[in-house]
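Shown next, in structure tokens, is the structure this report addresses.
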Amino acid sequence: MGRVTASAPGKCILFGEHAVVYGEPAVAVAIEQRISVTLESVKAGETPWKIGGMHFDAKKHPHVQALRNRLWQTSQNAPGLTIQVTGDIPPASGLGSSAALSVAASAALRCARGRWYTSTDDLQNPQTWAEGYASTLEQNDVYTAENREISARQTGSPMSHYVVGKEVASLDESALLGHAVEAVAQGGRASPMDASTCSHGGAVLLSDAIESDVDYLYTRQLTMEDGERTWHLHSVNLPHSTEGLYLVIGNTGVYAPTSNQVAKVAAAIEAKPGRIKEIQTIGMIARRGIQSLKDGDFEAVGRAMSENQIMLQGLGVSCPELETLIRAAAPTSLGAKLTGAGGGGCMVALTRHPKQTSEAIELAGGRTLISRFGNAGLTIDVCENMPLWDTAQ
Ligand code: MEV
């Protein structure tokens, strides 16, 4: 029987959350904790879609449902699937669990259904994909055109051919689909930061300009209620001196969905447009932090993180539980702040003393995770007897 497993890491934002939704710069790093998605065909006579051994409920799994609409349409006779999701990223805690799930699921679905190409020249070149899901194509369309794949295939070259399995998964496509799905789940407001970090791994820098000294990945655009946003994404090769440096993540255990926090910031700015200055200040702090990161000056990185926290507190997205954990981490770390959307969820401390910092956070009531820098992005871990849906027939 066919089976595919893909996994993707969670992420931790060093600088710039919330401000990045308004086009300001930000940096996120992939963490050691991951989510794995396994797909298998359902056995004959079983319920068509199962997740975790239960009947699939689209309302409980909006990210998977949105991907299903794009990659596995029942209207096109896509067969049933069983899905298993496992991992050690706590949900709704600011560590990118939904982005990791979306990225891993989109890659697994793509492996399971194969890909059409319009030429045989270069399988890795998105320009030759018949489906059109590529950041180098008109990426805006992916947010609106549900049937893009079908129309692209119908008008595609008669020379097109079909490839299945591991090699058809793409980091760009998974990041793009992950962003599209997050945008839907967050009421139309989402930066590509989480999905791109979970897909590419390492450290990802988003900026309002194409930056030097880092590897440019692609440019993403999204039209929001109050205008169009553009982000230039880059991969940052962290200096070797990250040896001995750790991120200690403290979970408050307070449930805080990203969509609520993003809406809260949008409402605050709408009520008082002058507050966009706070967003711009976070952008300035992030720019300084990014330069320190490039220079390998981690004392300055830590200071920028702590300054970023003061601004996030002012914006109203911190909470007493986060403040308690941040205060507890401060004496043994270079800097500490909330990470992700805030309102609960997690804080992160940059530290050379992970054991002491972790103990201090635990004593203050948080549950900790420790991560090094430089973690892998999306991987296809198992890929046997593909496709699960043969669209070539
Ligand atoms: C959530 O991890 C980060 C936010 O900036 C939202 C986003 O970037 O879409 C709060």
Side-chain angles (χ1 to χ4, degrees), residues 8-31 33 35 62-63 66 89-103 143 175-199 203-208 220-226 229-233 247 249 251-252 255-269 276 278-280 282-283 285-286 289 305 308-309 311-313 315-319 322 337-348:
K11 65 90 205 6
C12 176
I13 301 171
L14 296 184
F15 322 103
E17 49 271 272
H18 287 292
V20 69
V21 176
Y22 297 84
E24 296 293 333
V27 173
V29 294
I31 57 174
Q33 290 69 28
I35 296 255
H63 294 84
I89 309 173
S93 59
L95 298 181
S97 59
S98 55
L101 168 71
S102 306
V103 162
Y143 304 108
L176 185 63
L177 285 171
H179 180 206
V181 166
E182 293 252 286
V184 172
Q186 288 176 205
R189 285 181 194 278
S191 80
M193 175 163 54
D194 292 18
S196 289
T197 310
C198 297
S199 190
V204 169
L205 157 63
L206 282 80
S207 180
D208 47 0
R220 293 272 200 258
Q221 282 169 327
L222 181 62
T223 306
M224 296 186 192
E225 227 170 69
D226 51 359
R229 303 276 191 279
T230 300
W231 300 269
H232 303 288
L233 287 98
L247 297 169
I249 294 158
N251 193 347
T252 59
Y255 178 74
T258 302
S259 50
N260 293 359
Q261 296 299 108
V262 169
K264 189 174 171 183
V265 173
I269 294 169
I276 198 73
E278 295 170 51
I279 295 286
Q280 289 159 352
I282 293 179
I285 295 169
M305 286 170 68
N308 193 160
Q309 172 60 22
M311 296 307 301
L312 289 165
Q313 212 180 349
L315 257 189
V317 292
S318 194
C319 68
L322 280 166
K337 60 182 271 296
L338 69 83
T339 185
C346 291
M347 50 72 68
V348 59

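In each ligand, atom 1 is the first atom listed, and ligand 1 is the first ligand listed. Just the heavy atoms: all of them, side chains too, but no hydrogens, waters or symmetry mates, feed the values below.
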Are the side chain of K11 and the backbone N or O of S97 linked by a donor-acceptor pair below 3.5 Å?
no
Indicate yes or no for a side-chain donor-acceptor contact from R229 to the backbone of V21 under 3.5 Å, with no hydrogens or angles considered.
yes
Starting from atom 9 (O) of ligand 1, which protein heavy atom do you reach first, and at what distance in Å?
S191 N, 2.9 Å
Using a strict cut-off of 4.0 Å, indicate which atoms of ligand 1 neighbour a heavy atom of D194.
1 (C), 2 (O)
State, with a plain yes or no, whether a side-chain heavy atom of K337 is found less than 4.5 Å away from one of E17.
yes
Quick look: K11 vs ligand 1, heavy-atom contacts under 4.0 Å, and the answer is side chain
Distance filter under 4.0 Å to V21 heavy atoms, resulting ligand 1 atoms:
5 (O), 6 (C), 7 (C), 8 (O), 9 (O)
Close-contact set for ligand 1 against A190 heavy atoms, below 4.0 Å
9 (O)
To the nearest 0.5 angstrom, please state how far the CD atom of E182 sits from the SG atom of C198.
7.5 Å
Hey, is the main chain of M193 close enough, under 3.5 Å, to the side chain of W231 for a donor-acceptor pair?
no
Quick one: nearest non-hydrogen protein atom to atom 4 (C) of ligand 1, plus distance?
H18 N, 4.0 Å
Could you tell me whether the side chain of Q313 and the main chain of S318 form a donor-acceptor pair under 3.5 Å?
no
Where does E182 meet ligand 1, judged by heavy-atom distances below 4.0 Å: at the side chain, the backbone, both, or neither?
neither
Atoms of ligand 1, numbered as shown, that sit under 4.0 Å from any heavy atom of V20:
5 (O), 8 (O)
Is a side-chain donor or acceptor of T339 paired with a backbone partner of M347 at a separation under 3.5 angstrom?
no
Does ligand 1 have an atom that lies less than 4.0 angstrom from a heavy atom of I13?
yes
If you measure every N or O of E17 against every N or O of ligand 1, does any of those distances drop under 3.5 Å?
no
